[in-house]
Amino acid sequence: MTTVKKIAQKCAVALLVASMIIGISGCTSDSDSGSAKTTEKSTEKTEYGVGETAEQNDIQVTLTDVIKSKGDDMFAVPDDGNVYEICVFEIKNNSESDLSVSSVMCFEAYCDDVSLSQDIMGSSLPETEKYEQLDGDVASGKTMKGAIVYQVPKDWENLEVRVNLDVFSSDEITFVAKNNK
C-alpha cells in the first residue's frame, strides 16, 4: 500500500472517530428545556425536496443541493456500479441556545428504501472542498453549511435523508431527492 493511501486511510479513520465523539455529545441544544419543548412545525408537510426549508423548534434546515460525483480516481472511488451523492445542508439556529450537530447521530439516509451509511472517503472529493462537515456547534442566531456524502447505485430513484436535531424527540425532518439520471 502506498504511503499516500495509508495517510488517506488514517485521515478517514480520524474523521470517523471525531464524528463519533461529537455525535455522543450532540444533536441537541444546550437548553435544559429542550426535551420539554413542544415541536412546532411551520406547516403540516412531512417531506421536503431539494431547496425547500423545514422548520423545527426554531431551527431551519434546508437541503440546498445534491451533487453527483463519480469520485476522484485516487482515494475516493465508489464501488462498481455506484456513484457518490453529496447532500449539501444549511442549518440556521433561530433558537435562544446553542445547537450541537453530528453527521453520525443526526442524519439517517435511505436509497430506494435501503439504509445507507455516510461515506467518509467521499468527504475528500473535490466537490466537497468548499463545504464543511456537518459536525459541531451552531450558536444562537448563526448558520452552519456543510455536506454529507453517501455512496449509492448509479440508477437510484429516491434518496431520503432524515434529520433529527433533538435526540430527546422522535420528530424528524425528511428530505427526498429524485435522481435526474
Side-chain angles (χ1 to χ4, degrees), residues 15-16 18-69 84-111 116-120 122-150 152 158-180:
L15 282 172
L16 180 60
S19 294
M20 293 174 94
I21 290 169
I22 291 170
I24 290 169
S25 67
C27 296
T28 187
S29 67
D30 292 340
S31 168
D32 289 340
S33 64
S35 61
K37 194 186 278 188
T38 59
T39 301
E40 295 177 23
K41 294 183 182 176
S42 58
T43 65
E44 294 299 315
K45 194 170 186 174
T46 59
E47 289 186 354
Y48 299 84
V50 178
E52 294 184 309
T53 300
E55 187 166 346
Q56 183 181 61
N57 296 334
D58 297 325
I59 310 295
Q60 292 178 322
V61 182
T62 307
L63 175 60
T64 61
D65 203 0
V66 177
I67 303 165
K68 185 181 301 286
S69 174
Y84 291 111
E85 291 295 341
I86 303 161
C87 298
V88 181
F89 284 91
E90 180 174 296
I91 301 169
K92 186 171 184 180
N93 183 0
N94 295 318
S95 73
E96 294 181 7
S97 57
D98 289 358
L99 173 71
S100 293
V101 178
S102 165
S103 61
V104 174
M105 300 292 291
C106 300
F107 293 83
E108 180 181 345
Y110 297 88
C111 181
L116 297 173
S117 295
Q118 177 180 346
D119 193 297
I120 298 296
S123 300
S124 67
L125 292 167
E127 296 92 340
T128 63
E129 287 178 1
K130 62 183 174 180
Y131 303 108
E132 297 293 324
Q133 196 168 324
L134 288 168
D135 291 294
D137 291 331
V138 186
S140 176
K142 303 295 181 187
T143 301
M144 172 187 276
K145 295 179 183 178
I148 188 166
V149 182
Y150 300 102
V152 298
N158 293 303
L159 177 59
E160 177 182 323
V161 181
R162 297 178 183 181
V163 182
N164 184 345
L165 298 172
D166 183 354
V167 294
F168 299 110
S169 169
S170 62
D171 293 334
E172 51 190 18
I173 301 166
T174 302
F175 290 94
V176 177
K178 306 284 185 194
N179 188 358
N180 13 345

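This one's a predicted model, so the numbers in the text were calculated from it and none came from an experiment.
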Within a strict 4.5 Å, meaning less than it, do heavy atoms of the I91 and Q60 side chains meet? no
Calculate, to the nearest 0.5 Å, the distance between atoms CD and CD belonging to Q118 and E108 respectively. 13.5 Å
L63 and V66 have their tightest heavy-atom pair at CD2-CG2, 3.9 Å
Pairwise side-chain contact, M144 with L134, heavy-atom cut-off 4.5 Å (strictly under): yes
What pair of heavy atoms forms the shortest contact from K45 to E52, and how long is it? NZ-OE2, 2.6 Å
Looking only at heavy atoms, what is the nearest atom pair of A139 and D98, with distance? CA-OD1, 3.2 Å
Just do the side chain to side chain contact (heavy atoms under 4.5 Å, CB included) check on V61 and Y48 with the steps written out, would you? CA-CA 10 Å; V61 182; Y48 299 84; over 6 Å; no
Rounded to the nearest 0.5 angstrom, the CG-CG distance for N57 and L165 is 9.5 Å
Between F89 and F175, how do the two ring planes meet: parallel, tilted or perpendicular, split at 30° and 60°? perpendicular
Donor-acceptor contact present, side-chain D135 to main-chain S103, <3.5 Å: yes
State, to 0.1 Å, how close I86 and S69 come at their nearest heavy-atom pair, and which atoms those are. CD1-CB, 4.2 Å
Min side-chain heavy-atom separation K142-N93 under 4.5 Å: no
Scanning both residues in full, the closest heavy-atom pair of R162 with E172 reads CD-OE2, 3.1 Å
Donor-acceptor under 3.5 Å (T64 side chain, V88 main chain): yes
Would you say N164's side chain and D171's backbone share a donor-acceptor pair under 3.5 angstrom? yes
Would you name the heavy atoms of S123 and T128 that are closest together and state the gap between them? O-OG1, 2.8 Å
For the CD atom of E47 and the CG atom of N158, what is their distance to the nearest 0.5 Å? 8.5 Å
To the nearest 0.5 Å, tell me how far E160 CD sits from L116 CG. 10.0 Å
Taking C-beta and beyond as the side chain, do F107 and V101 meet within less than 4.5 Å on heavy atoms? yes
4.5 Å side-chain heavy-atom contact, N179 and L159: no
Can you tell me how far OH of Y131 sits from CD1 of I67, rounded to the nearest 0.5 angstrom? 4.0 Å
Output for pair (D58 CG, K92 NZ), nearest 0.5 Å, gives 11.5 Å
